[in-house]
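What follows is a single structure, written as structure tokens, with notes after it.
The sequence lines fix the lettering, A, B, ..., with proteins before strands; numbering per chain opens at 1. All values below were derived from every heavy atom in this structure, side-chain atoms included, with hydrogens, water molecules and symmetry-related copies excluded. Here the structure is a predicted model, which is why all the values come from computation and not from measurement.
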2 protein chains.
Amino acid sequence: MPEKVTITTVAKHARVSRQTVSNVLNAPHIVREETRRRVQEAIAALGYRTNQAARQMRTGRSRLIATRIEPTRDGINGSVLDRFLHGLTETGETAGYRTMLFTAADAEREIAVYDDLLASYDLDGFVLTGTDHGDPRTTWLAERGVPFVTFGRPWDDLDAHCWVDVDGAAGTAQATRHLLASGHRRIGWIGWPAGSGVGDDRRAGWHDTLRAAGVDPAGLARETVDGIPHGERCAGELLALATPPTALLCASDSLALGALKAACASEPPVPVIGFDDTPVAAAVGLTSVSQPLGEAAARCVDLLTAVLDGPHRTPGPVLLQPTLVRRRSA
Amino acid sequence: MPEKVTITTVAKHARVSRQTVSNVLNAPHIVREETRRRVQEAIAALGYRTNQAARQMRTGRSRLIATRIEPTRDGINGSVLDRFLHGLTETGETAGYRTMLFTAADAEREIAVYDDLLASYDLDGFVLTGTDHGDPRTTWLAERGVPFVTFGRPWDDLDAHCWVDVDGAAGTAQATRHLLASGHRRIGWIGWPAGSGVGDDRRAGWHDTLRAAGVDPAGLARETVDGIPHGERCAGELLALATPPTALLCASDSLALGALKAACASEPPVPVIGFDDTPVAAAVGLTSVSQPLGEAAARCVDLLTAVLDGPHRTPGPVLLQPTLVRRRSA
DNA sequence: AGGCACGATTGGAACGTTCAAGTTGCTGGA
DNA sequence: TCCAGCAACTTGAACGTTCCAATCGTGCCT
């Protein structure tokens with residue numbers, strides 16, 4: 001059984017004091033070249049690693065960030081956050097932070113978890129996903145001065161806190177332009193009920209681009225909650241119009257997948273474009289707007305570490321551009 | 001700004017000593033009823049929470065478990081582990097453990113991360129996924145007496161350590177019986193190259209069930225690496241045989257999805273069954289063998305906490321039964 | 001030579017908790 | 001009456017680290 005290696009073990013081995021070892025680790029520049037080398041050799045030879053718990057007790061910093069993992073839902077849209085999570089863990093590691101997970105049924109209970117994690121584990125920061133109008137979580141955190149970044153804009157006040165987001169409107173605009181370029185004029189929209197930041201944003205991209213092209217979007221949109229059957233139903237409604245749309249654009253891959261069923265049935269098949277480029281889209285050949293999730297996660301870590309390690313100044317927001325991934329469906 | 005609430009704050013407030021507060025938390029039975037109540041009221045009133053870092057320094061226990069999150073790959077099979085992860089986090093929380101994530105490129109580097117996490121964060125235990133023959137990770141952990149559970153059998157020696165798994169052979173057997181009951185005799189198999197524990201197990205379910213039904217499986221199997229195009233190619237090969245199979249069973253949804261393309265093209269369409277019941281399968285109507293991932297995760301936590309909290313005795317393994325989810329494809 | 005600033009290093013103290021070893025005060029048996 | 005035994009509670013110490021103030025040379029300026 002190997003003895004526990006502490007900073008004192010290293011100090012003895014390198015014939016210096018505790019504090020000098022600590023300095024080599026935390027402020028190398030104040031230690032003389034030769035001493036530093038000797039200490040570093042001892043560290044390597046003994047396989048020493050700083051005990052985070054002890055460091056944390058002194059400094060109040062845990063080098064831990066937390067994010068919420070959603071309860072398993074649909075499985076299609078859920079995968080978006082999962083891919084984001086992968087990126088978060090990966091980039092966090094390279095920045096010296098570990099990622100901790102938690103679950104919470106609603107915003108209120110999520111806040112309770114924040115409270116717990118901060119008090120029990122001294123968390124350094126949080127990454128929030130899926131923000132919406134009047135999000136209570138961000139105000140709670142901001143009031144207490146807890147560092148955090150959101151993946152998703154603060155829809156009410158863009159300067160409220162630091163955030164990373166993907167330009168949904170630009171994505172749907174690009175998809176709309178693609179369909180316009182293919183000769184389509186009447187392009188239908190299947191989206192979520194008005195009021196959600198993300199949903200309204202994506203819809204705006206479609207709406208404004210059609211307008212700019214001189215097409216009146218009136219009557220070409222349907223609103224529904226997310227889900228494959230709802231997408232199918234709405235597509236059916238749109239395609240049954242007197243002058244039906246010749247192409248469909250959807251707010252999510254779930255809706256698009258349902259729409260695809262209805263669209264393939266009609267003759268000739270109506271092109272469909274989805275949003276999120278989920279594995280399902282790739283599998284069934286659905287053209288979809290792809291969010292750069294890996295980069296989004298990386299930028300979240302960048303911003304968070306900037307707040308944590310750097311001077312106390314909130315870095316500017318980041319708005320990333322999505323890309324259209326073309327497949328058979330459009 | 002609220003003052004930091006420590007055990008001493010609570011002690012003063014309840015007019016007892018530090019240690020008594022500690023006892024109320026860790027060994028309530030040795031504290032007099034009335035005192036206990038007073039302390040608990042103080043805890044509630046002040047919103048006290050034990051500082052895990054300090055506790056950990058004393059006890060060497062962190063109430064943290066870690067698991068590896070795979071780099072984003074395919075997206076179809078990746079989702080299986082993601083769903084498992086959700087369950088793990090959720091059940092872990094109810095047992096008082098938080099989940100920490102890490103990534104690692106291969107087994108060797110994964111071991112390096114274990115070493116780091118144990119030394120730096122005093123991790124209580126690990127949950128490993130995707131075990132295979134001669135897995136170096138389990139031997140490393142076992143040698144050091146680190147508590148861990150695997151989701152996946154130790155294929156070489158079933159008593160090597162405690163594990164949770166899903167009976168893959170039973171799943172493919174069930175699928176095979178379902179196809180036999182529908183009148184099929186020549187049932188094709190598309191799986192992975194021999195040598196992987198999981199792959200061989202799933203194949204055995206198909207093979208043995210066919211044999212038991214008096215059908216010779218010879219020539220009805222194809223081996224390939226995972227992926228949609230490979231599934232399609234293998235299905236094409238099988239369906240081009242002189243006496244082709246009338247139904248196809250696959251080792252994964254990825255393979256099945258590819259097979260489905262080839263199978264739908266033939267007349268009449270050949271039924272296809274996949275494995276894992278991924279969101280993609282649900283979306284395209286692919287019949288698939290579903291693993292009880294949530295329960296598997298829960299049992300992993302059960303076993304791990306049994307080792308951690310209970311007496312030092314490794315609890316028996318858990319083998320869960322999958323179910324066949326029937327959809328349009330078969 | 002004396003003083004001074006500065007670079008390099010050291011030792012004490014503290015973070016918040018639990019363990020181990022006390023100290024009370026009370027009950028009951030010889 | 002005395003003390004063993006026990007329940008209930010308290011106090012000192014330790015976990016491994018970093019902060020802070022102090023110490024020790026060493027070279028430079030006057």
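Taking a heavy-atom distance under 4.0 Å as the criterion, the stretch of DNA chain D touched by chain A extends 5' to 3' from D:dG16 to D:dC20.
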Could you go through nucleotides 17-21 of chain C and list every protein N or O atom that sits under 3.5 Å from one of its N or O atoms, giving the distance for each pair?
unit_1: C:dT17; atom_1: OP1; unit_2: B:Tyr48; atom_2: OH; d: 2.5
unit_1: C:dT17; atom_1: OP1; unit_2: B:Asn51; atom_2: N; d: 3.3
unit_1: C:dT17; atom_1: OP2; unit_2: B:Ile7; atom_2: N; d: 2.4
unit_1: C:dT18; atom_1: OP1; unit_2: B:Asn26; atom_2: ND2; d: 2.8
unit_1: C:dT18; atom_1: OP1; unit_2: B:Arg55; atom_2: NE; d: 3.2
unit_1: C:dT18; atom_1: OP1; unit_2: B:Arg55; atom_2: NH2; d: 3.2
unit_1: C:dT18; atom_1: OP2; unit_2: B:Ser22; atom_2: OG; d: 2.7
unit_1: C:dT18; atom_1: O2; unit_2: B:Arg58; atom_2: NE; d: 3.0
unit_1: C:dT18; atom_1: O4; unit_2: B:Arg18; atom_2: NE; d: 3.2
unit_1: C:dT18; atom_1: O4; unit_2: B:Arg18; atom_2: NH2; d: 3.4
unit_1: C:dC19; atom_1: O4'; unit_2: B:Arg58; atom_2: NH2; d: 2.9
unit_1: C:dC19; atom_1: N4; unit_2: B:Gln19; atom_2: OE1; d: 2.6

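Residues satisfying the ring-ring contact (aromatic ring centres under 6.0 Å, His included) test with A:Tyr97, not counting sequence neighbours, are none. For the salt bridge (charged side-chain N to carboxylate O under 4.0 Å, His left out) test, residues two or more places apart in sequence or in another chain that qualify with A:Glu110 are A:Arg68, A:Arg137.
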Please determine whether side-chain hydrogen bond (donor to acceptor under 3.5 Å, both in side chains) holds for the pair B:Thr91 and B:Thr94, giving the CA-CA distance in whole Å, both sets of side-chain angles, and the decisive distance to 0.1 Å. CA-CA 5 Å; B:Thr91 323; B:Thr94 66; 5.7 Å; no

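The closest side-chain heavy-atom distance from B:Ile65 to B:Phe126 is not below 4.5 Å. At least one side-chain heavy atom of A:Leu64 sits less than 4.5 Å from a side-chain heavy atom of B:Met100. The shortest distance between side-chain heavy atoms of B:Cys162 and B:Phe148 does not fall below 4.5 Å. Annotation: side chain of B:Glu108 is not in contact with side chain of B:Pro136 (no heavy-atom distance under 4.5 Å). Side-chain contact between A:Phe151 and A:Trp163 is absent, with no heavy-atom pair separated by less than 4.5 Å. Proximity of B:Thr150 to B:Thr129: side-chain heavy atoms (C-beta onward) are nowhere separated by under 4.5 Å.
Interface residues of residues 31-43 of chain A facing DNA chain C, ordered by number: A:Val31, A:Arg32, A:Thr35; criterion, heavy-atom separation under 4.0 Å.
Between the side chain of A:Thr67 and the backbone N or O of A:Val127 there is at least one donor-acceptor pair closer than 3.5 Å.
Between A:Phe102 and A:Tyr114, the two ring planes are perpendicular [angle over 60°; tilted spans 30° to 60°].
Using five terminal pairs a side, the axes of the helix from C:dA1-D:dT30 to C:dA30-D:dT1 at its two ends make an angle of 70°, given in steps of 10 degrees.
Here CG of B:Leu118 is found 8.0 Å from CG of B:Asp122. Values are rounded to the nearest 0.5 Å.
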